[in-house]
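Report on the following structure.
Indexing begins at 1, ligand by ligand and atom by atom, following the structure's order.
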Amino acid sequence: MFILVIETSCDDTACAILEAKKEKKFLKFNTLANVVSSQVKIHKKYGGIVPNLASREHLKNIDIVFNEAIKQAGWQKKDIIKKIDLLTVTSGPGLIPSLLIGVNFIKTLAWVMNKPVIGVNHLKGHLYSFLLPLEKTSNHSLKEINKLFPAISLIVSGGHTTLLLMKNLYDFEIISETRDDAAGECFDKIARLLKLGYPGGPAIAKEALKIQNLIDHNKFNKSEFCKLAPEIKLPRPMINSQSDEFSFSGLKTAVLYLIQKLEKNNNLKTTSNKLFKKYRSLIAWEAQEAITDILVKKAIKTTKNYNAKTIIISGGVSANQRLREKFIQKLKQEKLAINFIAPPIKYTTDNALMIALASFLEYSKNKNKGKTWDKINADANLQLIKNK
Ligand code: KG4
Ligand code: ZN
């Protein structure tokens, strides 16, 4: 079957076309198109996503991205009515002005084409992104996939930090979430405090790498680097707590107080100040250490508690190299026979292909064969699992 997908939940306008088939032993995929248009340049100026601007940009870009996807597939516009079996859109969670653009676009297509539509939860896309990349054509052995379960999935994005137990490919339950800020939100807020720009995750990672490279080459001398360095120590909220939940808002506040203290003690007023720049790399490094320590420790603890065979990470923060390294190091150090899976970097952030996968899995599970256009709605707070 052919699935056409639109994703506009946040600040990426994306469209994908996927041919998918479930056989007895294999899931067979053929990626015909995968187009993402990023709005980072627009939102950078404001230090974060401005929802109404995001909506305006989606509106400008959506048919460009759609036309590009049809072109990538080698189709003509008139082919799509004949070829497409199912339309899919991210229906939530996300920013409502953004979601509405994608949802209304797909509703119109469904109405004109008289095709069924599935509204997919954005987090389900991240959850299944470990099955990416799909080469032009790829066969996934169900036997091999099933060997991974039970698995613990850690979704770490700008809006979510969620631990899930995946009993098999289709069955999962939420173990815990964050009590306040998400890990990506924490990266973004700390980057803003450090005046490192948006998006904060990659900016902090780049800054932290300056210090990490010195450490890795035994060239890092804290007291030499900056005489106040011992003060640059951040808390790791809830790292040792019994609860599986996360909490990141305290970390951002700790960075705020730390900056205020350093400014007061050193008369650091401006970002052009050389000392501030030195401190900034150290704070970025320490913040990345704190966030990744928490994620790794809690995910491994949960994996042990549930006797799971695999840890799967996904979402924008899973692009973080230090996070990946720490998972691998820790599993090795503790001699744990636990598989570790992370999607290729390009599929960690928002894309429509991961939504296409999730859509096909819902469809092939027989639970969701699609609805008519008038039954699809955007829901900013869409829950991953319906309340019982
Ligand atoms: O999954 P995603 O693209 O969008 C949401 O669904 O939220 O994730 C975006 C988040 C942002 O907070 C961004 O700062 C973070 O992922 N991020 C990173 C990295 N790349 C993106 N965080 C840490 N390190 C990175 N390399
Ligand atoms: Zn996302």
| Aromatic rings His140 and Phe29: how do their planes relate, parallel, tilted or perpendicular, breaks at 30° and 60°? | perpendicular
| Aromatic rings Phe130 and Tyr128: how do their planes relate, parallel, tilted or perpendicular, breaks at 30° and 60°? |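 Aromatic pair Phe130/Tyr128 classed tilted.
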Contacting atoms of ligand 1, where contact means under 4.0 angstrom from a heavy atom of [X]:
{"X": "Gly159", "result": "7 (O)"}
{"X": "Gly184", "result": "12 (O)"}
{"X": "Phe187", "result": "22 (N), 23 (C)"}
{"X": "Thr349", "result": "3 (O)"}
{"X": "His122", "result": "6 (O)"}

| Pro202 heavy atom under 4.0 Å from ligand 1 |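 Yes, that is the case, since the closest heavy atom of the residue is under 4.0 Å from the ligand.
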Kindly say whether [Y] contributes a backbone atom to a donor-acceptor pair with the side chain of [X] at under 3.5 angstrom?
{"X": "Lys115", "Y": "Ile81", "result": "yes"}
{"X": "Gln383", "Y": "Asn381", "result": "yes"}
{"X": "Asn351", "Y": "Thr349", "result": "yes"}

Which residue owns the protein heavy atom closest to [atom], what's the atom, and how far is it?
{"atom": "atom 22 (N) of ligand 1", "result": "Gly201 CA, 3.2 Å"}
{"atom": "atom 13 (C) of ligand 1", "result": "Asp188 OD1, 3.8 Å"}
{"atom": "atom 24 (N) of ligand 1", "result": "Asn320 ND2, 3.0 Å"}
{"atom": "atom 7 (O) of ligand 1", "result": "Gly158 N, 2.8 Å"}

| field | Asp181, Asp180, Asp188 screened by side-chain hydrogen bond (donor to acceptor under 3.5 Å, both in side chains) with Lys252, the one that passes | value |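 With Lys252 as partner, side-chain hydrogen bond (donor to acceptor under 3.5 Å, both in side chains) holds for just one option, Asp181.
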| request: Look at atom NZ of Lys167 and say whether more than 12 heavy atoms of other residues, nucleotides or ligands are closer to it than 6.0 Å. | output: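 Above 12, so yes.
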| Name the one of Leu86, Asp85, Thr372 that satisfies side-chain contact (heavy atoms from CB on, under 4.5 Å) with Pro116? | Leu86
| field | For the Zn ion (ligand 2), every protein N/O/S atom that sits closer than 2.8 Å, waters excluded | value |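 Result, waters dropped: His122 NE2, His126 NE2, Asp350 OD1.
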| Is it the case that one hydrophobic cluster holds both Val35 and Ile3, taking links as side-chain heavy atoms less than 4.5 Å apart, direct or via other members? |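 Different clusters.
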| query | If you measure from atom 17 (N) of ligand 1 to every heavy atom of Gly316, Cys186, Ala182, which option wins on shortest distance? | reply | Gly316
| Given that the side chain starts at C-beta and the backbone is N, CA, C, O, which of these parts of His126 lies under 4.0 Å from ligand 1, counting heavy atoms, or is it both or neither? | side chain
| message | Side chain, backbone, both or neither: which applies to Asp350 and ligand 1 if a contact is any heavy-atom pair less than 4.0 Å apart? | response | both
| message | side-chain contact (heavy atoms from CB on, under 4.5 Å), that's the test. Do Asp79 and Ile70 meet it? Break it down for me. | response | CA-CA 9 Å; Asp79 294 338; Ile70 292 169; over 6 Å; no
| query | Do we get Lys369 above Tyr363's six-membered ring, with its NZ or CZ under 6.0 Å from the centre and within 45° of the axis? | reply |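 Here Lys369 passes the 6.0 Å and 45° test against Tyr363.
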| Between Lys365 and Glu362, is there a side-chain N and carboxylate O pair less than 4.0 Å apart? |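 Result for this pair is no, no salt bridge flagged.
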